[in-house]
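So you know, we letter chains A, B, ... as the sequences are listed, proteins then strands, and number each from 1.
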Number of protein chains: 2
Amino acid sequence: MTENETGERARRTGEATKAGILAAARARFARQGYERTTIRAVAADAGIDASMVMRYFGSKEQLFEAALTIDLQLPDLGGIPQQELPALLVRHFVARWEGDPTDDALLVLLRSAVTNEQAAARMRDIFARQVAPVIATALPPAPDVPQRAALMSAQLLGLALARYLLRLPPALALTPAEVERLYAPALAAVLAGP
Amino acid sequence: MTENETGERARRTGEATKAGILAAARARFARQGYERTTIRAVAADAGIDASMVMRYFGSKEQLFEAALTIDLQLPDLGGIPQQELPALLVRHFVARWEGDPTDDALLVLLRSAVTNEQAAARMRDIFARQVAPVIATALPPAPDVPQRAALMSAQLLGLALARYLLRLPPALALTPAEVERLYAPALAAVLAGP
DNA sequence: GCACGATGTCAACACGCGTTGGCCAACAAG
DNA sequence: CTTGTTGGCCAACGCGTGTTGACATCGTGC
């Protein structure tokens, strides 16, 4: 057994390969979803044999699980006035979707969550842990805060669906700034309540 | 001419079988999506052999195509005042989603459109032919009417996504009337513009 | 009666899938 | 040198898939 020493030399470990597999898997899952993504294709993208994927991740399902890890990177909304929250959320999400083209995490999650119960559960978890609390801190306490947060999330998800998944032409015709201008008031309407 | 006789095995006409296959296919596609739905499973649900499905529909893809035929049954909005349109749309869509449980058409379309380009194209077509014109008739002419219609569709799709596909608990906690009360103003915000 | 088309079953084919296990090359340690 | 570990390839297995074609059954028109 190899022992780690303090003066550890730079070695070509399996970690690099594992990261390569994960990146390839994310890209495939994002483009094709869970079912149509094959272990063989992921392995080919990563430049190794399919059996290596099994070695490092155990099974296709575990590989998928690993690819689902996501951090929405929501900013801290502690001091944000309620009026500015909607525009900020829209801007942040659009930027997140259109930012780094190699960051397929959101695409993986949304595309998979619609047909894969495992991914749907992950989505619910992300909403409960990352989205709902952040929105709740910017709102005065009320019994229907979680419901309003869910409806705001629905709006943001619907935007992503129409623009980045279905690619409705009129939705694509808008610039990010125009989306913010037209869509933020809609978030605000749910935020404020009827 | 074949007569229906009680107690005797009536041989099915081809149309009845075809309709049975289509109903079974819609249910499977709605629950499992395109990839995980197998011809054998559809045939078993319809109580016939898998080769019958091929006989009647040619291929799995053509069966899917047939299952995608959808009529949103949007009411004529000719005389509707603009103020009432959002609530009417929300009510109509929620009713359509929660109405007939055997009518899986919407579920098929939405679930498939996220991973299947064929279904996505169908969705764009439905938006362009059924949704956008109806919304446009209720609005004063403006250059950004299609964009606003697309964003309203995004909101309705997001609602369906959160409530019926992802099943976010807070979104499920709302009654249809509460959804209408909270969500219609959001549609109105997009409809009216900033 | 008899052929015929409609309705349906059955067995098989070819293929791609996830997964397994054996083998190989490099290399560090004893 | 031997031994063990690591990173990797290769061939194969078992299975389920979409799809095909040969065969069975039965009501009905000539």
Side-chain angles (χ1 to χ4, degrees), chain A residues 1-25 28-29 31-68 112 115-116 118-119, chain B residues 1-25 28-29 31-68 112 115-116 118-119:
Chain A
M1 179 184 290
T2 58
E3 294 185 1
N4 285 342
E5 302 174 358
T6 54
E8 188 175 359
R9 290 187 303 172
R11 56 182 183 184
R12 299 168 186 174
T13 67
E15 283 303 314
T17 306
K18 191 169 180 178
I21 295 173
L22 201 52
R28 285 276 174 182
F29 283 137
R31 213 181 328 140
Q32 307 178 325
Y34 180 81
E35 326 287 344
R36 295 174 49 192
T37 294
T38 71
I39 296 265
R40 283 171 162 88
V42 169
D45 291 351
I48 43 131
D49 188 84
S51 60
M52 284 284 91
V53 178
M54 304 300 293
R55 187 110 94 202
Y56 281 116
F57 290 92
S59 70
K60 181 182 180 180
E61 204 167 282
Q62 287 172 267
L63 173 63
F64 183 60
E65 177 84 19
L68 280 185
S112 308
T115 43
N116 188 292
Q118 187 184 353
Chain B
M1 184 186 303
T2 55
E3 298 285 343
N4 285 344
E5 305 168 4
T6 57
E8 297 273 342
R9 267 190 232 163
R11 189 158 205 193
R12 281 190 288 189
T13 158
E15 282 305 312
T17 305
K18 193 169 178 176
I21 295 172
L22 201 52
R28 285 276 175 182
F29 283 137
R31 213 180 329 140
Q32 307 177 326
Y34 180 81
E35 327 286 346
R36 295 174 47 191
T37 294
T38 71
I39 297 264
R40 283 172 164 87
V42 170
D45 291 350
I48 43 131
D49 189 83
S51 60
M52 283 283 92
V53 178
M54 304 300 294
R55 183 110 86 209
Y56 280 116
F57 289 93
S59 70
K60 181 183 179 180
E61 203 166 283
Q62 287 173 265
L63 172 64
F64 183 60
E65 177 84 19
L68 280 184
S112 308
T115 42
N116 187 294
Q118 186 183 355

query: Can you list the residues that meet the salt bridge (Lys or Arg N to Asp or Glu O under 4.0 Å) rule with B/E65, with sequence neighbours excluded?
result: B/R122
message: Could you tell me how far apart B/M54 (CE) and C/dC13 (C1') are, to the nearest whole angstrom?
response: 14 Å
message: Need one value for B/F57: base, sugar-phosphate or nothing, where a base atom within 4.0 Å counts as base even if backbone is also close, heavy atoms only.
response: nothing
message: I'd like to check A/F64 versus A/S112 (side-chain heavy atoms, cut-off strictly below 4.5 Å). Are they in contact?
response: yes
message: Between C1' on C/dG18 and CD on A/Q62, what's the gap in Å once rounded to a whole number?
response: 13 Å
B/Q118 and B/Y34, any side-chain heavy atoms less than 4.5 Å apart: no
task: Give a yes or no on whether the backbone of B/T37 and the side-chain of B/K60 come within a donor-acceptor separation of less than 3.5 Å.
output: yes
field: A/T38: side chain to side chain donor-acceptor pair (under 3.5 Å) partners, not counting sequence neighbours
entry: none
field: For atom OH of B/Y56 and atom C1' of D/dG18, their distance in whole Å
entry: 19 Å
- line: Its contact letters, B for base, S for sugar-phosphate only and - for none at protein heavy atoms under 4.0 Å, make nucleotides 9-17 of chain D read BB-B----B
query: Rounded to the nearest 0.5 Å, how far does CG of B/L63 lie from CZ of B/R28?
result: 12.5 Å
- request: Take the protein atom CD of A/E15 and the nucleotide atom C1' of D/dT6, then report the distance between them rounded to whole Å.
  value: 13 Å
